[in-house]
Amino acid sequence: MQTSVEPHPVTTISSVGRHAGEVVVIRGWLYNKRESGKLLFPIFRDGTGLIQGVVAKNAVPPEVFDAVKSLTDESSVIVTGKVRADERAPGGYELDVQRVEVVQRVPEDDPFPITRKEHGVDFLMEHRHLWVRTPRQAAILRVRSEIEKAMHDFFDDRDFTRTDPPILTPAACEGTSTLFPVDYFEEQAFLTQSGQLYIEATALALGKVYSFGPTFRAEKSKTRRHLTEFWMVEPEVAYLELDGLMALAEEFVSHIVARVLERRRPELQIIGRDLSKLASVKPPFPRISYDDAVQLLQEGHAKGELEAKFEWGGDFGSPDETYISAQFDRPVIVHRYPAQVKAFYMEPDPKRPELALACDVLAPEGYGEIIGGSQRTASYELLVQRIQQHNLPIEAFRWYLDLRKYGSVPHSGFGMGIERAVAWICGLDHVRETIPFARMLHRLYP
RNA sequence: ACCUCAGUAGCUCAAUGGCAGAGCAUCCGGCUGUUAACCGGAGGGUUGUAGGUUCGAGUCCUACCUGAGGAGCCA
């Protein structure tokens, strides 16, 4: 918004340190206020941080004192004041307020609903559009943004091309998850649950590609790890085999964690993250086969640390993943799963055809699977056979089969749900705080 | 669909089957260094809904509604 010409420089709270001793203008909101007789302590926020203002009754005109005294929380204000270094201030600086222009005043009979006291989850989610203004939520969203930037830089530095797959799709990609149906000009369409099949096509065109976009799962999951709409980053690389894929995943995760530690330490501190847990996230990650993992789980059961006895052949449940990851101080890669529990497009292990060349990355501290990937079936005949075994409509996969007919090569890729990565890196107990507006089984508003 | 838990003031919660309460928030008053400030006062209630038991139900019983956590599925 363009306002009247200001005689003093407009700055942000995060950079007031460069203006110590100067009079500056800050455009923001009243975060909170304390008062002690003829002294007022308004705390302002502007999206970059918080700063406490000081207003002494005998130091300013009465209308300025009265304006601040009657200011309501979250009213928008343009504040003019002198920056003063002060050891008592959490940020190191205070603002001696000289002038306040109220842009919009929050009515006192309908105050800002979110206070500095505790609130319940449902209330906060119902007011998510206002909750994002609080320091902790803002810090989480900055970490998310940094993670997204780090991941784009990672792929860009390695000559990947970002190719965006469609969100509206004609049929199930894997035929397992429940999809959201959409009416597409009187034809049945679905919201994508993965861009993988499409980026296999662009990988065979461009060599190294990745996609980043929203994906949708209509499963009625009710856990701290699930959203119905979430964002997934998926690399796909021609001529890459399983070992190379695991190395890529390990470098990728390490790069992201290192970047957040390098650039978003203040945010992690606001969130209260234990940084020592992130410092150990460096290559190499332990790699264990599915067989080894099963043995670990059976030992865990024998020691009484796991309730159910795990039998070879099944997929890991949530308690199993937690137990496996708890054995290590960094993410662990589990590879070569039984083909029967994995998707139809995964390449069989040539040494043991009952296994799929798949790998999952399990995050530490019980955050579970953050990455799932595999080498893809390169053979036309085998892929046809697998599609039939899974009772999928072969006609819908005609274009996908073409990729095996015209210059098929070994290729691999993985997908990482970024909300789970953000939850892990920030140490949150639920993915709903990692995205501005979470979509869940019982949450479509706001 | 399954298991567990919850629903009382704007918010967070208390109340042995016997007068509906506190803290915070809001408003009024006090305090010249407050850090989720403090002190005094005021307003604020269809106890999720519908039945039932009882002299009497926020409390006990039944059904339903809404939400949370888990399991399953997955990223």
Side-chain angles (χ1 to χ4, degrees), chain A residues 31-43 50-59 65 69-70 72-74 84 86-91 94 96 106-127 130-131 134-135 174 176-178 193-196 214-234 249 307-308 314-322 341-343 360-363 367-373 414-424 429-432 434-435 440-443:
Chain A
Y31 174 64
N32 198 229
K33 181 173 42 123
R34 285 182 286 268
E35 54 179 288
S36 175
K38 295 175 180 62
L39 267 184
L40 305 176
F41 299 99
I43 301 170
L50 297 175
I51 191 168
Q52 176 168 279
V54 183
V55 190
K57 189 162 192 173
N58 62 10
F65 187 84
K69 189 177 168 70
S70 64
T72 43
D73 286 359
E74 285 300 321
R84 177 172 43 74
D86 193 307
E87 284 182 5
R88 291 167 292 191
E94 288 190 340
D96 288 323
V106 173
E108 51 268 305
D109 60 352
D110 190 8
F112 191 73
I114 297 174
T115 69
R116 303 184 74 178
K117 297 282 177 175
E118 293 164 19
H119 296 288
V121 168
D122 192 52
F123 177 81
L124 289 169
M125 287 304 287
E126 197 70 12
H127 296 85
L130 304 176
W131 189 23
T134 60
E174 304 181 20
T176 51
S177 304
T178 320
Q193 56 159 338
S194 166
Q196 181 206 312
T215 49
F216 306 87
R217 306 272 168 95
E219 275 139 12
K220 295 190 174 177
S221 298
K222 254 183 74 113
T223 81
R224 64 186 66 203
R225 301 178 305 280
H226 289 87
L227 299 172
T228 52
E229 175 185 309
F230 65 99
W231 287 64
M232 188 150 68
V233 56
E234 298 176 278
E307 257 185 57
D315 206 353
F316 303 133
S318 182
D320 303 320
E321 286 184 354
T322 301
V341 300
K342 289 292 183 181
D360 287 350
V361 178
L362 307 181
Y367 282 92
E369 186 183 337
I370 54 168
I371 282 180
F414 65 75
M416 183 182 84
I418 85 149
E419 287 76 15
R420 285 192 186 171
V422 176
W424 163 51
D429 63 9
H430 203 299
V431 290
R432 66 184 155 222
T434 65
I435 184 167
M440 295 178 290
L441 181 54
H442 297 296
R443 176 61 57 190

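A distance cut-off of 5.5 Å between ring centres, combined with a plane angle under 30°, places F230(A) in a stacking arrangement with the base of rA75(B).
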Sub-3.5 Å pairs of nitrogen or oxygen atoms, protein against nucleotides 21-28 of chain B:
{"unit_1": "rU26(B)", "atom_1": "O2'", "unit_2": "E108(A)", "atom_2": "O", "d": "3.2"}

Report all interatomic pairs (protein N or O, nucleotide N or O of nucleotides 12-15 of chain B) with separations under 3.5 Å.
{"unit_1": "rU12(B)", "atom_1": "OP1", "unit_2": "G120(A)", "atom_2": "N", "d": "2.8"}

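Of all nucleotides present, only rC3(B) satisfies the Watson-Crick or G-U wobble test against rG69(B), with each distance under 3.5 Å. The partner of rU26(B) is rA42(B), judged by Watson-Crick or G-U wobble contacts that both fall below 3.5 Å.
Shown here are the salt bridge (charged side-chain N to carboxylate O under 4.0 Å, His left out) partners of D86(A), two or more places apart in sequence or in another chain: R84(A), R88(A). Under the salt bridge (charged side-chain N to carboxylate O under 4.0 Å, His left out) criterion, R443(A) pairs with D122(A), E126(A), sequence neighbours left out. With sequence neighbours left out, H226(A) forms a ring-ring contact (aromatic ring centres under 6.0 Å, His included) with no residue at all. Checked against side-chain hydrogen bond (donor to acceptor under 3.5 Å, both in side chains), E118(A) has no partners two or more places apart in sequence or in another chain. Residues passing the salt bridge (charged side-chain N to carboxylate O under 4.0 Å, His left out) test with K342(A) are D360(A), sequence neighbours excluded. For E74(A), the salt bridge (charged side-chain N to carboxylate O under 4.0 Å, His left out) test picks out R45(A), R133(A), with sequence neighbours left out.
The listed nucleotides are rC31(B), rG72(B), rG69(B); the one nearest the side chain of H430(A) is rG69(B). Among the nucleotides rU32(B), rC74(B), rA71(B), the one closest to the side chain of K222(A) is rA71(B).
rC5(B) and rA75(B) have their P atoms separated by 32 Å, given to the nearest Å.
Of the two residues near RNA chain B, F316(A) and K57(A), the one whose nearest nucleotide lies more 5' is K57(A).
Rounded to the nearest 0.5 angstrom, T134(A) OG1 and R116(A) CZ are separated by 11.0 Å.
Checking the phosphate oxygens (OP1, OP2) of rC74(B), no side-chain nitrogen or oxygen of R224(A) falls inside 4.0 Å. The side chain of T223(A) contributes no N or O atom lying less than 4.0 Å from OP1 or OP2 of rG72(B).
Within 3.5 Å, no donor on the side chain of E35(A) pairs with an acceptor on the base of rU34(B), nor the reverse.
For the salt bridge (Lys or Arg N to Asp or Glu O under 4.0 Å) condition, no pair includes a residue of residues 222-232 of chain A, sequence neighbours left out.
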